[in-house]
2 protein chains.
Amino acid sequence: MKKQTSAPRLSIAEENYLKAIYKLTEHSERPAATTAIAEQMQTAAASVTDMLKRLADKGLIHYERYKGVSLSDEGLRLATHLVRKHRLWEVFLVDKLGFGWDKVHDIAEQLEHIRSPELVERLDEFLGRPRFDPHGDPIPDAEGQFAERQQILLCKLTEGQQGVIVGVAEHAPSFLQFLDKLSLVLGTCLEVVERFDFDDSMKVRLPDGREVLLSSKVTHNLFVQKQPV
Amino acid sequence: MKKQTSAPRLSIAEENYLKAIYKLTEHSERPAATTAIAEQMQTAAASVTDMLKRLADKGLIHYERYKGVSLSDEGLRLATHLVRKHRLWEVFLVDKLGFGWDKVHDIAEQLEHIRSPELVERLDEFLGRPRFDPHGDPIPDAEGQFAERQQILLCKLTEGQQGVIVGVAEHAPSFLQFLDKLSLVLGTCLEVVERFDFDDSMKVRLPDGREVLLSSKVTHNLFVQKQPV
DNA sequence: AACTATTTTTTGGCTTGCCTAAAAAATAGT
DNA sequence: ACTATTTTTTAGGCAAGCCAAAAAATAGTT
Ligand SMILES: [Mn+2]
Ligand SMILES: [Mn+2]
Ligand SMILES: [Mn+2]
Ligand SMILES: [Mn+2]
């Protein structure tokens, strides 16, 4: 029941489940819970159990009743490729078509399911083999390898330290639009003027001299690269 | 049963049926036959009847049992939009990603189903608002209007007349690859040296001076623009 | 008009993917 | 150790799409 004769292409639904499981297990050792997947996919838990059985039969996940689920090697490979396609398309939409970084996610959710190895390769080349997407997330290469980068959350910087914004941990359009309003776009250099530990907020100075107060929510969702002062 | 409260998005399957019906009725007055649609879609006739009932319920086609089917105004609008997207993506694949014109159809078949009005508009602009796709087929504008062009089949040219290749009636990759081999690409100017009416073949002279014999099958599937001599 | 061949629809059934409601299992609290 | 709560699975059902086989309609022929 586990071995596959050949590799039947996955449906869009199956691909979306794989990506959901990937996201949930990406930064943790523990398997993904049915409820968490249901939440991520906006479906009923019963639908998730249904699908988990199918994915397990296809050898894409490790699944034991009541024990949660994790990706198999093959499942991880497929999920990584989906992430690659998603992020490459996001680069295309922003760099080539001029979309705002807050507008591209839903379209990339569709484009990531386009099936054509040659298309991905040519797109990658057309875009100049980008290593990070418009949100600063790394784009795995054709072998599934992610670029490494020295980055920390803004909230980890101490007073006087400088950092360059290289990514966002939160992708909600409202958050991205808020950052746009403050000109806190990728590549922006900022210096921590003062930290207010009682509520985790901080005042930072921007390149134009402006000083702004950033809430805890903001400082915990901005990735920066520490700059030597 | 005909009036729609709102416009529920179509499934990919429904879109493909609409496009098949569009293709079959595009150049004829008569409605499309169930068998013809089944042939076009590579499905069983029973599946077609199933879908026709659904499309009729949604007001996208005019359907009467045993009488064939044609697109409603709304169906035509949607089908035209699909054609627009398909051809724009083909331009993207050839012009921007460097695909051969014989490789793009299947990928465009997938891309045409991506749903985002803004994407289509931006893509159109990015491509320079092309009016014809890589096969010489006209790309309808946002209002569904096709560009008109003075074009005839190569087989209609008489001896001594010159024409510029502007399109192909047949899209089979094998035909396109054959044309590539002979350098009969869009924009190529050719002169009819001699016609052989007994088998409808003709000898033509190419810009490089080469003279080639073209079979009936070829001359009936190449669109040219007649050139003043 | 009657018969035949072809086309189309109907019927019944399959898979995928989703749902709700209910049962069962795991977990947390006392 | 027992109970209450949460999590997960099971059961039963539904819509979309697909199919093969049977039945009905149409078209062609004599
Ligand atoms: Mn995204
Ligand atoms: Mn992203
Ligand atoms: Mn095409
Ligand atoms: Mn084309």
Side-chain angles (χ1 to χ4, degrees), chain A residues 1 4-21 24-25 28 30-70 75 78 82 109-110 113 115, chain B residues 1 4-21 24-25 28 30-70 75 78 82 109-110 113 115:
Chain A
M1 23 287 266
Q4 284 302 115
T5 356
S6 70
R9 338 192 165 348
L10 301 187
S11 70
I12 290 179
E14 288 169 326
E15 289 190 340
N16 283 332
Y17 274 96
L18 280 190
K19 231 184 45 159
I21 297 166
L24 290 167
T25 53
S28 118
R30 303 203 323 282
T34 300
T35 322
I37 299 171
E39 162 71 16
Q40 178 85 31
M41 304 272 306
Q42 293 288 291
T43 60
S47 309
V48 175
T49 302
D50 254 20
M51 180 59 92
L52 293 186
K53 281 186 247 174
R54 283 194 291 268
L55 292 177
D57 282 348
K58 296 189 176 185
L60 301 173
I61 58 174
H62 301 301
Y63 170 55
E64 220 176 331
R65 291 196 333 298
Y66 296 101
K67 294 290 177 57
V69 69
S70 62
L78 291 170
L82 280 168
E109 280 297 317
Q110 299 178 60
H113 301 291
R115 222 179 303 278
Chain B
M1 17 286 266
Q4 284 301 115
T5 356
S6 71
R9 328 166 184 10
L10 300 188
S11 70
I12 290 178
E14 288 170 324
E15 291 190 338
N16 283 332
Y17 274 96
L18 279 191
K19 232 184 44 158
I21 297 166
L24 291 167
T25 52
S28 118
R30 303 204 322 284
T34 300
T35 323
I37 299 171
E39 162 71 16
Q40 178 85 32
M41 303 273 305
Q42 292 288 289
T43 60
S47 309
V48 175
T49 302
D50 254 19
M51 180 59 92
L52 293 187
K53 281 185 251 174
R54 283 194 291 270
L55 292 177
D57 282 348
K58 296 190 177 185
L60 301 173
I61 58 174
H62 301 301
Y63 172 55
E64 219 176 331
R65 294 197 326 301
Y66 295 101
K67 293 289 176 57
V69 69
S70 61
L78 292 169
L82 280 168
E109 281 297 316
Q110 299 178 61
H113 301 291
R115 222 179 302 277

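Per chain, numbering begins at 1; letters A, B, ... match sequence-line order.
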Hey, which of these two, A/S11 or A/K67, hits DNA chain C nearer its 5' end, going by closest nucleotide? A/S11
How close or far is atom P of D/dA15 from atom CD1 of B/I12, stated in whole angstroms? 22 Å
For B/K53, what residues pass the side-chain contact (heavy atoms from CB on, under 4.5 Å) criterion, not counting sequence neighbours? B/T49, B/Y63
For atom CG of B/N16 and atom P of D/dC18, their distance in whole Å: 9 Å
Run the side-chain contact (heavy atoms from CB on, under 4.5 Å) check on B/H62 and B/K67 step by step: do they pass? CA-CA 10 Å; B/H62 301 301; B/K67 293 289 176 57; over 6 Å; no
Of the non-hydrogen atoms in A/L24 and A/A32, which two are nearest, and what is the gap between them? CB-CB, 3.9 Å
Using distance only, find each side-chain donor-acceptor pair of residues 40-47 of chain A under 3.5 Å and give its atom names and separation, not counting sequence neighbours.
unit_1	atom_1	unit_2	atom_2	d
A/Q42	NE2	A/E39	O	3.1

How long is the line joining CD of A/E64 and P of C/dA25, in whole Å? 15 Å
I'd like to check the side-chain contact (heavy atoms from CB on, under 4.5 Å) partners of A/Q110; sequence neighbours left out, ordered by chain and number. B/I114, B/R115
With heavy-atom distances below 4.5 Å as the criterion, would you say the side chains of B/L55 and B/L10 are in contact? no
Give me the residues of residues 44-54 of chain A where at least one heavy atom lies under 4.0 Å from an atom of DNA chain C, by number, or none. A/A44, A/A46, A/S47, A/D50, A/M51, A/R54
Does the side chain of A/L82 come within less than 4.5 Å of A/N16's, by heavy atoms? no
Think A/R65 has a side-chain N or O under 4.0 angstrom from the OP1 or OP2 of D/dT10? yes
side-chain contact (heavy atoms from CB on, under 4.5 Å) against A/A33, all qualifying residues, sequence neighbours excluded: A/A36
Expressed as a whole number of angstroms, how long is the span from B/L55:CG to D/dA15:C1'? 15 Å
How close or far is atom P of C/dG17 from atom CE of A/M41, stated in whole angstroms? 10 Å
Locate the shortest heavy-atom distance separating B/L60 from B/L78; write the atom from each residue and the value. CD2-CD1, 3.6 Å
Nearest whole angstrom, please: distance from the P of C/dT7 to the CZ of B/R30. 13 Å
Under 4.0 Å: is that the gap between some side-chain N or O of B/Y17 and OP1 or OP2 of D/dC18? yes
Candidate nucleotides D/dA24, D/dT10, C/dA26, ranked by approach to the side chain of A/Y66 - the nearest: C/dA26
For the pair made of NZ in A/K58 and C1' in C/dT15, what is the distance, rounded to whole Å? 11 Å
With respect to the phosphate group of C/dT9, does any side-chain polar atom (N or O) of B/T34 fall under 4.0 Å of OP1 or OP2? yes
Writing each nucleotide of DNA chain C 5' to 3' as (, ), [, ], | or . by Watson-Crick or G-U pairing under 3.5 Å yields ||||||||||||||||||||||||||||||
Under 4.0 angstrom between A/Y63 side-chain N/O and D/dT9 OP1 or OP2: yes
Just how far, in rounded Å, is P of C/dT7 from CG of B/L24? 15 Å
